[in-house]
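So the structure is just underneath, and the comments pick up after that.
Counting starts at 1 for both ligands and their atoms, in listed order. Heavy atoms only: backbone and side chains are in, while hydrogens, waters and symmetry mates are out.
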Amino acid sequence: MNHQTKKIQLDDLVFDNRFIRELPADPETANNRRQVHGACYSRVLPTQVAAPQIVAYSREVAELLDLDATLCASDDFTQVFSGNRLLSGMDSYAICYGGHQFGNWAGQLGDGRAINLGEVVNRQGEHLTLQLKGSGVTPYSRTADGLAVLRSSVREFLCSEAMHHLGVPTTRALSLILTGENVIRDMFYNGNPKAEPGAVVCRVAQSFTRFGSFQLLTARGDIDLLKKLVDYTIRTDFPQLGEPSAVVYLAWFEEVCRRTAKMIVHWQRVGFVHGVMNTDNMSILGLTIDYGPYGWLENYDPNWTPNTTDVEQRRYRFGNQPQIAFWNLGQLANALYPLIEQVESLQQAMDVYTATFEQGWQQMVSAKLGLKIYDPDTDDELNTELLILLQTVETDMTIFYRKLALLVMDVELSNKALIAPLLEAYYVPEQLSPEYIERLCLWLRSYIRRVQASGIEKAERVKIMNAVNPKYVLRNYLAQLAIDQAEQGDFARVNELLELLRHPYDEQPGKEDFALKRPDWARQRAGCSMLSCSS
Ligand code: AMP
Ligand code: MG
């Protein structure tokens with residue numbers, strides 16, 4: 001092992017806590033709930049836990065920190081990442097931010113159950129903030145307990161790693177640790193609270209700054225601090241844009257628009273529904289952040305949301321995510337206005353979102369269909385008709401696109417032979433009426449002609465498709481089965497899913513059961529098709 005690849009011990013981690021060094025701290029140090037003005041964060045210690053026990057860890061994230069992954073199984077690791085022991089160089093704090101929740105300004109929110117331990121500088125010179133989620137109350141906990149239950153922690157841990165391996169920008173998760181303590185939750189908000197096992201996830205990201213971090217300062221008229229935070233963010237996370245100035249502020253906002261657009265294209269590609277796209281849950285880096293009542297589209301339905309608290313309005317439904325991101329960027333633009341003071345320029349910057357999304361979406365659609373170039377003349381109609389077909393009968397989105405690569409490219413085939421590779425994608429075979437099959441085959445034949453006209457070879461088409469159409473995603477019921485086991489003290493399934501989802505685009509012989517469509521029992525079971533915010 002040479003010097004470059006030598007793994008380090010926990011106590012060798014190097015911390016450089018820029019956020020707290022360069023931005024103003026809340027002068028108050030007692031841990032009582034309060035409004036925090038004139039500061040970006042409050043120092044607070046993680047709550048000690050009784051009997052921490054490791055459930056799972058991500059070896060890739062350990063490696064990102066230059067840690068030897070075998071270390072993650074040690075008692076010392078468990079003590080540190082449950083919040084029981086601070087390493088030298090750690091200086092823990094909770095961040096102050098606000099946000100629009102479901103379209104309404106909510107004022108100060110902040111890290112109510114997240115505590116940042118510090119910023120590790122890895123061998124590449126990257127700053128990576130370590131953040132414990134579920135490690136007790138902070139000044140921002142409002143009326144809640146600062147804790148997280150095992151079920152929601154399993155979901156956050158597995159999904160953030162799964163998203164990373166799918167190629168979706170996301171915060172990461174290093175570890176998932178049981179606290180050995182119970183947390184009381186009324187899962188259905190129906191007056192039946194029960195004790196559930198508590199857990200802590202260590203999240204890792206270059207920064208956890210949110211749209212709402214800026215919004216709160218502007219809402220309070222604290223423009224000095226707004227400028228400080230913007231300048232800090234540009235210098236640390238967007239240094240390529242140059243020294244902060246009026247021009248750079250705009251270029252930076254444009255870049256946020258661009259990154260956000262790219263992230264949303266990825267969500268639409270893989271069928272991810274965030275569930276709570278409040279502005280406090282929007283990362284300034286364009287990362288998927290705050291995995292709560294999210295879900296994966298099973299049958300393709302743009303109106304679907306997994307979040308039970310949003311079923312009436314369906315504000316955050318799958319098909320609405322692109323518009324909501326735009327709306328959220330509009331709120332960020334409002335917050336930045338005092339520094340830029342040019343409405344038109346801000347509006348033009350928002351056009352960057354629309355243009356980036358449009359372009360990214362076309363590229364994504366072509367790749368999902370195995371085409372190299374999107375030709376609006378043919379492909380607008382081709383894709384529109386496909387999306388109608390997918391939602392007319394219950395069709396598993398993931399399976400459909402994956403199996404479409406196996407289509408026999410012969411327009412002369414009978415309808416029956418043509419649709420054979422796709423049959424697994426259908427939830428209700430009786431819905432496949434003769435009329436539907438006719439319409440589907442009409443589409444399949446125009447698709448075949450389009451592919452043939454493009455001149456693309458079969459092997460290449462399959463390669464393009466299989467690189468963007470995952471075989472394995474964190475199906476809602478799979479996560480729930482792993483949770484059921486974990487709650488009984490058996491973490492095998494959590495770890496099996498973690499392993500499986502490291503290679504979502506590979507066939508993985510022997511693992512096909514994980515690629516099957518949702519079983520019938522999961523249709524209505526809580527956790528499998530719908531989720532509450534109670535976590
Ligand atoms: P969310 O939309 O779930 O990301 O959270 C909205 C706000 O509520 C954030 O400020 C969270 O920190 C806070 N929050 C959520 N759950 C808890 C909890 N159990 N204890 C304290 N604060 C919480
Ligand atoms: Mg949040």
Side-chain angles (χ1 to χ4, degrees), residues 26 31-36 40-42 44 46-47 49 83 92-116 129 131-153 155-156 159-160 170-171 173 179 181-187 189 193-201 203 205 207-216 219 273-285 287-295 305-310 315-316 324 328 331 531-535:
D26 173 7
N31 190 5
N32 59 320
R33 290 132 210 242
R34 57 182 177 266
Q35 292 291 309
V36 174
C40 290
Y41 63 93
S42 306
V44 60
T47 301
V49 302
S92 56
Y93 58 98
I95 302 176
C96 182
Y97 57 79
H100 274 90
Q101 296 185 311
F102 297 94
N104 304 306
W105 176 243
Q108 177 183 300
L109 297 165
D111 284 337
R113 57 161 162 182
I115 295 182
N116 301 277
T129 301
Q131 182 186 78
L132 300 184
K133 183 167 176 179
S135 66
V137 290
T138 77
Y140 308 99
S141 297
R142 297 179 292 157
T143 56
D145 58 9
L147 303 174
V149 291
L150 179 62
R151 70 184 144 83
S152 65
S153 306
R155 286 169 47 82
E156 167 125 25
C159 200
S160 45
T170 178
T171 61
T179 60
E181 294 178 14
N182 280 337
V183 173
I184 308 295
R185 285 289 179 271
D186 185 355
M187 185 166 157
Y189 301 117
K194 78 174 213 235
E196 298 188 45
V200 172
V201 170
R203 307 199 290 188
S207 137
F208 285 96
T209 301
R210 298 137 193 274
F211 290 9
S213 310
F214 304 95
Q215 284 184 283
L216 182 63
V273 190
H274 183 285
V276 204
M277 289 177 71
N278 293 333
T279 57
D280 53 304
N281 291 337
M282 296 291 291
S283 143
I284 202 68
L285 299 177
L287 306 175
T288 312
I289 191 171
D290 281 12
Y291 292 87
Y294 68 83
T305 174
N307 186 352
T308 50
T309 38
D310 191 27
R315 179 180 172 86
Y316 298 139
I324 289 292
N328 288 344
Q331 304 313 311
L531 293 129
S532 76
C533 281
S534 141
S535 56

Polar atom proximity, V276 to ligand 1 (N or O, under 3.5 Å): no

Distance-minimising heavy-atom pair for R33 and T138: CG-O, 4.0 Å

Backbone or side-chain N/O/S of N281 under 2.8 Å of the Mg ion (ligand 2): yes

Spacing of CD belonging to E196 relative to OG belonging to S534, to within rounding of 0.5 Å: 6.5 Å

Closest heavy-atom pair and its distance - H274, D290: NE2-O, 3.2 Å

Side-chain donor-acceptor pair present, T171, Y291, cut-off under 3.5 Å: no

Nearest-contact summary for atom 20 (N) of ligand 1 - protein heavy atom, Å: G146 N, 2.7 Å

R185 near ligand 1 by a heavy-atom separation under 4.0 Å: yes

Heavy-atom protein neighbour under 4.0 angstrom from atom 3 (O) of ligand 1: no

Numbered atoms and elements of ligand 1 in range of Q101, under 4.0 angstrom, heavy atoms: 6 (C)

Nitrogen or oxygen of D111 less than 3.5 angstrom from that of ligand 1: no

Taking atom 7 (C) of ligand 1 as the reference point, the nearest protein heavy atom with its distance: R142 NH2, 3.1 Å

Sub-4.0 Å heavy-atom approach of G292 to ligand 1: no

Donor-acceptor under 3.5 Å (Y97 side chain, G110 main chain): yes

From the candidates G110, G112, G98, the one that places a heavy atom nearest atom 9 (C) of ligand 1: G110

Subset of ligand 1 atoms that lie under 4.0 Å from at least one heavy atom of D280: 2 (O), 6 (C)

Contact summary for T170 and S160, nearest pair of heavy atoms: CG2-O, 3.4 Å

Part of D290 with heavy atoms under 4.0 Å of ligand 1, whether side chain, backbone, both or neither: side chain

Pairwise side-chain contact, V36 with Y41, heavy-atom cut-off 4.5 Å (strictly under): no

Shortest protein heavy-atom distance from atom 16 (N) of ligand 1, along with the residue and atom involved: R113 NE, 3.2 Å

D290, N/O/S atom nearest the Mg ion (ligand 2): OD2

Atom of P293, atom of L531 and distance for their closest heavy-atom approach: CB-CB, 3.8 Å

Candidate with minimal heavy-atom separation from atom 18 (C) of ligand 1, of S152, S535, A144: A144

Geometric class of the F102/Y316 ring pair [parallel <30°, tilted 30-60°, perpendicular >60°]: tilted

For L147, atoms of ligand 1 separated by under 4.0 Å from a heavy atom: 19 (N)

Best match, N278, D145, I95: closest heavy atom to atom 19 (N) of ligand 1: D145

Heavy-atom pair with the smallest gap, counting every atom of I184 and D145: O-OD2, 4.5 Å

Nearest heavy atoms of Y140 and C96, plus distance in Å: OH-CB, 3.3 Å

